[in-house]
Number of protein chains: 2
Amino acid sequence: MSRRRVTLADVAKIAGVSPTTASLVLSGRGRELRISQDVEQRVLKAAAESQYRPNIVSVGLRTGTTRTIGFISDTIATSRLAGDMIKGALEAARERGFMLFIGETEGDPELERLLLQAMHDRQVDGIIFASMYTRTIKVPKGLAATPAVLLNALPKQPSPLPSVIPDEIEAGRIAARALLDAGYREGIHLIGAGPARRNVPAGGSVAAVERLIGIREVLAEAGVKPASGHVCVDWQPEYGLAATRALLRNERPKALICFNDRIALGAYQALDDYGLKVPADVSVVSFDDHPIAAWMRPQLTTVALPHYELGRKAVDVLFTEIGRDREDDGEEGEVHRVPMPIRLRESIAPPGA
Amino acid sequence: MSRRRVTLADVAKIAGVSPTTASLVLSGRGRELRISQDVEQRVLKAAAESQYRPNIVSVGLRTGTTRTIGFISDTIATSRLAGDMIKGALEAARERGFMLFIGETEGDPELERLLLQAMHDRQVDGIIFASMYTRTIKVPKGLAATPAVLLNALPKQPSPLPSVIPDEIEAGRIAARALLDAGYREGIHLIGAGPARRNVPAGGSVAAVERLIGIREVLAEAGVKPASGHVCVDWQPEYGLAATRALLRNERPKALICFNDRIALGAYQALDDYGLKVPADVSVVSFDDHPIAAWMRPQLTTVALPHYELGRKAVDVLFTEIGRDREDDGEEGEVHRVPMPIRLRESIAPPGA
DNA sequence: CAGGTTTGCTAAATCGGATTAGCAGTGCGA
DNA sequence: TCGCACTGCTAATCCGATTTAGCAAACCTG
């Protein structure tokens, strides 16, 4: 049934030429090295008819390039979002004929080391080092041995590695603008972080800090102050529920900016408990575009994390790194920000609508 | 900065022996081939001190084994669940020193062919061919060229490939038993499929068919008939909502068996519309253990898809395939069923509680 | 003490390509 | 007719390991 793979030597034999010639023709260097049309055609024909495919392992040994990149992340299973990031990377890689190794560290530095080693042992051409939520990370030693890109992460210490992250500041601006555009000038409350810059949950989440900056900037420009802000220690529904309930005990908000969709889910529940309708009584805008955002009723308007695009972009940046001469010191440690698009759905309405 | 990798030749030189000897010692065949203790120690020391690591690409060329397996699926991004499957496979593979290539076909046969090719070009030791929801698939030609396993999928035509799937029939039994155990004997309605065996959505979903079989079996044993069944064309919240509303127009159900959690989400909304409380007025049990199941209020009792375990099991089975001699014709096309555990939460209460 | 065995190690081939150096054969000018 | 350039192809080496075949020295054994 199964037979040996066709090798270059087989093709050469069929075409009646040396393996050298066959290699030359198939690598497209035939013209340059003066192989005759006749021979070229014979080789091409032999290769096609025998369904020859070069053994990438062999090529890898000789040339040191395996057409493979490593994708290391802290967790892939935590959120569905991660999948889109991998998917974007996967497709961008495939378009260039590259495959992806994936690995998960669970945040364990030892595992991190092992995985990097395993990938280097397999001679990957480059590595994408990803975090599943945007944050600052300690760049592991040995990551710089091959071209590498930080995805959804920024280096804690200055580093020559480029990074690709969502443009969270602009996302904050967009969310705030959505409420301003709807006509809100007061009664805007923040659930998840704020109201002041320093009011962010611990843990180095970039999202909290940057979303808040963008929100505050746009509101300030319009002469608006957030009516209140509520830090959620963990951005889960139950914390959003608790924070919103606390708020509702004292106030009747006009609009909520929830720092992510899970918080918004909790906020919806709290508003429902108090008999308040979204968006008639309270408008809500959020971040992430988690799948539940489209399932919630009314559907949630949210500024989307562009996971798919992040994955693609990381591959693009990695390829420019691979293409770059070692030691050519172009722009180092460049940060690429990927725009976050707003998904306009049903949770914002003009005040008093 | 970066230096060449340490090779076996380097180690041999440091230890003052031939590469052959070094290879023998490091592959553990030193004893067998009568290498002296002294030389063995010298080689081991040299390897350790120089931090030698074998180049897997080279080994791959020589031995044809790359310590790598390919994981091909139709989609990875569709559901968070997929992540757990990959995670399980990843961990099981890592435990054996294997890495995973991943690829996505989007259900496109041409892409499927290309990916398979790309993996063979890279000399993978085996392939896991996965579907993101359990169904029957056409086994692609060329999959059998290396050891392979079907994950979450059954072959449409008889095939020698083993498969690993969740035990959906038993899951159906478990769900039905949960309601019987709570004391229900009537007013049990099915949302998503049923009531008769043939009432399943089109598309070859194994889940619908098998869950229904298990449910009907257990109910029948207890002398209970489902009060009604409602096929949902697509198992999304809006269909669950519509089906449950339709049901509520005519009846007051005691308990619902929803065929998955997204349908249950819709059912919750419909019950809420009619002012019915879960579980006081209506108990609900469901399948999948999608993340939203724990976020819904009250939290949903559901029979979990064991994605993580499925991934692990697939790797286990793949390794026995790899270990098997070609043509030893053991049990062929064996189907491995992974148990689905029930997550008891808040959506079931005794009748009239 | 010749002949056989055992011990302990190494030379060389191999995997499947890429690449460098170079070798015949032809044509052309002087 | 010799020398040189050019054309068109190939031999040989290399990448980094594994593996087979075998060699030299020491050790019996009768």
Side-chain angles (χ1 to χ4, degrees), chain A residues 3-44 46-47 50-68 97 120-125, chain B residues 3-44 46-47 50-68 97 120-125:
Chain A
R3 57 269 101 182
R4 201 175 52 83
R5 264 181 89 92
V6 176
T7 69
L8 184 63
D10 298 329
V11 173
K13 189 171 294 172
I14 297 173
V17 299
S18 71
T20 306
T21 305
S23 172
L24 256 24
V25 169
L26 293 173
S27 61
R29 311 205 310 141
R31 201 45 48 76
E32 169 193 347
L33 279 160
R34 308 179 308 254
I35 301 297
S36 67
Q37 296 266 350
D38 171 48
V39 167
E40 178 165 23
Q41 289 310 312
R42 265 170 29 226
V43 171
L44 256 20
S50 61
Q51 303 206 55
Y52 167 71
R53 313 217 77 230
N55 181 330
I56 297 194
V57 172
S58 164
V59 176
L61 181 56
R62 180 66 231 250
T63 66
T65 162
T66 50
R67 307 188 72 74
T68 297
H120 285 148
D121 289 352
R122 285 170 178 79
Q123 307 270 78
V124 295
D125 295 326
Chain B
R3 57 270 100 183
R4 204 174 49 83
R5 266 181 88 93
V6 176
T7 69
L8 183 63
D10 297 330
V11 172
K13 188 170 298 175
I14 296 175
V17 299
S18 72
T20 305
T21 306
S23 172
L24 256 25
V25 170
L26 294 174
S27 62
R29 311 205 309 141
R31 200 46 45 78
E32 167 192 349
L33 278 160
R34 309 181 306 254
I35 301 297
S36 68
Q37 295 266 350
D38 170 46
V39 167
E40 178 165 23
Q41 288 311 312
R42 264 168 32 223
V43 171
L44 257 20
S50 61
Q51 303 206 53
Y52 167 72
R53 314 214 76 229
N55 181 331
I56 296 194
V57 172
S58 167
V59 176
L61 179 58
R62 180 65 232 248
T63 66
T65 162
T66 50
R67 308 187 72 73
T68 297
H120 285 149
D121 290 351
R122 286 172 178 77
Q123 307 269 78
V124 295
D125 296 325

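Each chain gets a letter, A, B and so on, in the order the sequences are listed, and its residues count up from 1.
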If you look at every strand shown and take non-hydrogen atoms under 4.0 Å, does [X] touch a base, only sugar-phosphate, or nothing?
X	result
S36(B)	sugar-phosphate
V39(B)	sugar-phosphate
V17(B)	sugar-phosphate

Could you state the interatomic distance from OG (S36(A)) to CZ (R42(A)), rounded to the nearest 0.5 Å?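 If I round to the nearest 0.5 Å, the distance is 7.0 Å.
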
Classify every nucleotide of nucleotides 15-24 of chain D by which part a protein heavy atom approaches to under 4.0 Å, writing B for the base, S for the sugar-phosphate alone and - for neither, in 5'-to-3' order. BBBBBB----

R122(A) side-chain N/O to T66(A) backbone N/O, donor-acceptor pair under 3.5 Å: no

Closer than 3.5 angstrom, by distance alone: can the side chain of R53(B) be matched with the main-chain N or O of R5(B) as a donor-acceptor pair?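 Pair absent, no side-chain N/O of R53(B) close to backbone of R5(B).
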
Atom-to-atom span, NZ of K13(A) to P of dT10(D) - whole angstrom: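 Atom-to-atom, K13(A) to dT10(D), this comes out as 14 Å.
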
Does a sphere of radius 6.0 Å around CD in Q51(A) hold more than 12 heavy atoms from other residues, nucleotides or ligands, not counting ones at 6.0 Å or beyond?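 No, the 6.0 Å shell around CD holds no more than 12 heavy atoms from other groups.
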
V39(A), V25(A), I35(A), L24(A) screened by side chain to side chain contact (heavy atoms under 4.5 Å, CB included) with V17(A), the one that passes: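 Single side chain to side chain contact (heavy atoms under 4.5 Å, CB included) partner of V17(A) among V39(A), V25(A), I35(A), L24(A): V39(A).
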
Taking the side chain as C-beta and beyond, is there a heavy-atom pair between [X] and [Y] under 4.5 Å?
X	Y	value
Q37(A)	R31(A)	yes
L44(A)	L26(A)	yes
S50(B)	I14(B)	yes

Could you list where the contact with chain A starts and ends along DNA chain C, reading 5' to 3', using a 4.0 Å heavy-atom cut-off?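 Here the contact window of chain A covers dG16(C) to dT20(C).
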
